[in-house]
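Structure first, then comments.
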Amino acid sequence: MSLLLFLAQTVRIAIPYLFAAAGGALAERAGIVSLTLEGFMLGGAFGAVLGAHYAGSAWIGVVTGVSAGLALALVHALCTIRYKADHVVMGVAINLFTVGITRFFLQLAFGSSSNSPRVVGFGADGTAASTFGFLLNPLVWLGIIVMPALWWLVQKTTFGLRVRAVGEHPQAAASVGVPVSRVRYVAVLASGALAALGGVYLALDQHQFTDSMTAGRGFIALAAVIFGRWDPLRAGVACLLFAAAETLQIQLQAAQLIPSQFVAMIPYVLTIVAVAGVVGRSTPPAALGRTTD
Amino acid sequence: MTSPSQQVPAVRLTGIDKRFGAVRANRGATLEVRQGEIHALVGENGAGKSTLMKILSGALPCDGGTIEVGGRNVTGWTTAEAIASGVGMVHQHFMLVPTLTVAENVVLGREPVSVGMFDRARAMQDVERLCEQSGLMVGADRLVADLSVGEAQRVEILKTLYRGARILLLDEPTAVLSPPEVTELWKVLRRVRDGGATIVLITHKLDEVMHVTEHVTVMRQGETVAQMATKDTTPEGIAHAMVGRAVDLSVREGRRAPSTANNTSTAPALEVRNLVVRGPRVARAVNDISFTVAPGEILGIAGVEGNGQTELLEAIAGLRASTSGQILLGQRDITALAVRDRGDAGLSHIPEDRHRRGLILEYSIADNLILGQQHHYQRHGVLDAAAIAANAAKQIAAYDIRPTDAALAAGALSGGNQQKIVIAREMSRSFSALLAAQPTRGVDVGAIEFIHDELRKARDAGKAILLVSAELREVLTLADRIAVMYGGRFVTVLSRAEANEEILGPFMTGAKQESAA
């Protein structure tokens, strides 16, 4: 039973990672660096709370959250694709901008500098508290299938073939008439929507928005993409692994066997080890982050 | 396109203008290509050939002039429209996605679809059928990253054929091929031509022009300076039109016999013993190579690029660590020396990539001329401006570097003059051995002549020269002994008298190997 509890908690923690990493994998396969995941998630979380608060509906929250992610992604796409801004600089800018603007609107809309009032989520009140209540949340099911679906998209469809070509050798793709910029716009916008869904899930699961609530999850998701060598299925496994480490951390902290500071490091240490390439060198898409065509 | 086609040219470009900033790449260039012929477009580097072809293929817009294909005015069309009208370009730098398969690369942009999904099976079938029809054999399910250069080029041609190309534009297709692959390419192109296609071939190799083409158009400084029937002209005539003056072609054609080295008794100036060097992908890019170069000798290393030549020269120059083995300059073991100390010990190096290794393009000509020797041009830790200027004036005059303004950034010079800076720097210092990697790559005919003469002079002055060149012709022209490198080893070492293209070809492709000392 405790194993089942462990698994349940792992999945629950993994959902935002899965969404964000799916967005990251898609954009990076198309050649656009995804440092922005953190900002997309945070924007999605705030958008969701705003929508859910005023409309009183979790579904409206999903729509507004995703819209926020799309808006941020559009800015990122315009700057990196059209104006050829440096992807990393843009990523940092988007992240900082999102922290600032969500804080601003938090104050404006709810008169608080720390958190929003309670909003509706998925599932009736009360069930969410029970161990398996989260399974009533449709976003959980979407999160579970997002990586296999993305894998299918990338490997089996014409669009996926073009995404791979565009991320590896945009000039080659352009020389045979593939609309490189359009493919990249679609990929970045989809990545904004996906990562925002991760934020939407977080906010609705906690029934509120708190300042900077994503707490680096976007970066861990990006680490999962790299750890998974830009392959959706492997990135999905990496997300589950990181989530398992976090679950372990929570349970060990409760048990108080090891000083909690060390336990709290587990997910981050695992991330560093993974990204440092201990588990095999990973080669990014060749054109990743290249702004000059 | 049947009966009137003899009258209507396949391609007619008139008055094409193209600017890149201050540079006028094309100035009223013209080109007329008949249906069903192989047409050569020749000219020195920077003459505007590639630009003109990119304009024809829709990859670049032109600033002025008209493009007609099959009698139809198509000025200003896009790549997609050009492809749809049967104009396909095979680029000098392959436009292939290495992580995709051959079939995926070929169909990219025109993928067969079933039920909204990419139809991989049909892509495979289509490509395999195309391979058989055209004689361009390459496994459809192989990853492009695993292909040889020759195979990758076949994929490029397949791509254009898959799109129904009737007019093929090839940009220096033989630059990267071994002799047997070149022969194979001509066979395929003739077959494609006999199937009714028209082919435009950009090249600067005059023997190719004479060998496979019906007409030739010569460009110089963005303008079309001559159009002639190949059978009515000679390589000398074409070269004259390219450069604008008479050129001694024997240097390029390899007819001038190198003087035989008569110094068997002397100790080697450069010796390599059992050298093993790690490459970017393989652990033994240089796999246990030993050789010597005598004073007054040029040892030429032939071979298709990527067989360890780069790693070998970089290891000797000190730019890349060797795994094991010894490098001796004269009697001295320099294996552990730093690059600068090797230079001071008497080793000069003309690197294969002058932009990456040979020059700092933003620096002035004068500063580039002392690069790596700056410690000899200082006083009390401060650069000696007078000495640097004096050196620059001397070298610019001696090596005919143009323009002559020493303060000009190296990046502003033509490829040939940039290479002269490197040659001047490396050959004016005191040295006993010289590593010359691709010394004439991307250099115009006139400068090639000059550089070859300088190398011969150094050889005659008793220097040991290790020459690496992707141009077999160049190795045959200059070297006293020729080694063929394949898969990190010397697969054969022959004297100049024993070697010719037919003998070396099979070694270069790895078809033939013999244990070499």
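Letters go in sequence order (proteins before strands), and every chain restarts at 1.
Rounding to the nearest 0.5 angstrom, the gap separating the CZ atom in A:Phe219 from the CG atom in A:Asn95 is 4.5 Å. Expressed to the nearest 0.5 Å, how far CD1 of A:Ile15 lies from CG of A:Leu142 amounts to 9.0 Å.
When heavy atoms are compared at a cutoff of 4.5 Å, B:Leu96 approaches chain A solely by way of its backbone atoms N, CA, C and O. Using a 4.5 Å cut-off between heavy atoms, A:Ala174 contacts chain B through its backbone alone, with no side-chain atom that close.
The minimum heavy-atom distance between B:Leu189 and B:Ile199, with the atom names listed, is O-CD1, 3.4 Å. The minimum heavy-atom distance linking A:Met41 with A:Ala20 is given by the pair SD-CB, 3.7 Å.
Partners of A:Val89 by side chain to side chain contact (heavy atoms under 4.5 Å, CB included), not counting sequence neighbours, listed by chain and number: A:Asp86. Taking the side chain to side chain donor-acceptor pair (under 3.5 Å) definition, one finds that A:Tyr201 meets it with nothing, sequence neighbours left out.
Annotation: side chain of A:Ser191 is not in contact with side chain of A:Leu194 (no heavy-atom distance under 4.5 Å).
Within residues 62-79 of chain A, no residue has any heavy atom under 4.5 Å from a heavy atom of chain B.
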Self-check item: Steps toward side-chain contact (heavy atoms from CB on, under 4.5 Å) verdict (A:Val237, A:Leu233)
Solution: CA-CA 6 Å; A:Val237 172; A:Leu233 293 180; 5.8 Å; no
Please list every donor-acceptor pair closer than 3.5 Å that links chain A with chain B, giving the two atom names and the distance for each.
| from | atom 1 | to | atom 2 | distance (Å) |
| --- | --- | --- | --- | --- |
| A:Gln155 | O | B:Arg120 | NH2 | 2.8 |
| A:Lys156 | O | B:Phe118 | N | 3.1 |
| A:Arg162 | NE | B:Glu111 | OE1 | 3.3 |
| A:Arg162 | NE | B:Glu111 | OE2 | 2.9 |
| A:Arg162 | NH2 | B:Gly109 | O | 3.2 |
| A:Arg162 | NH2 | B:Glu111 | OE1 | 2.8 |
| A:His169 | NE2 | B:Phe94 | O | 3.4 |

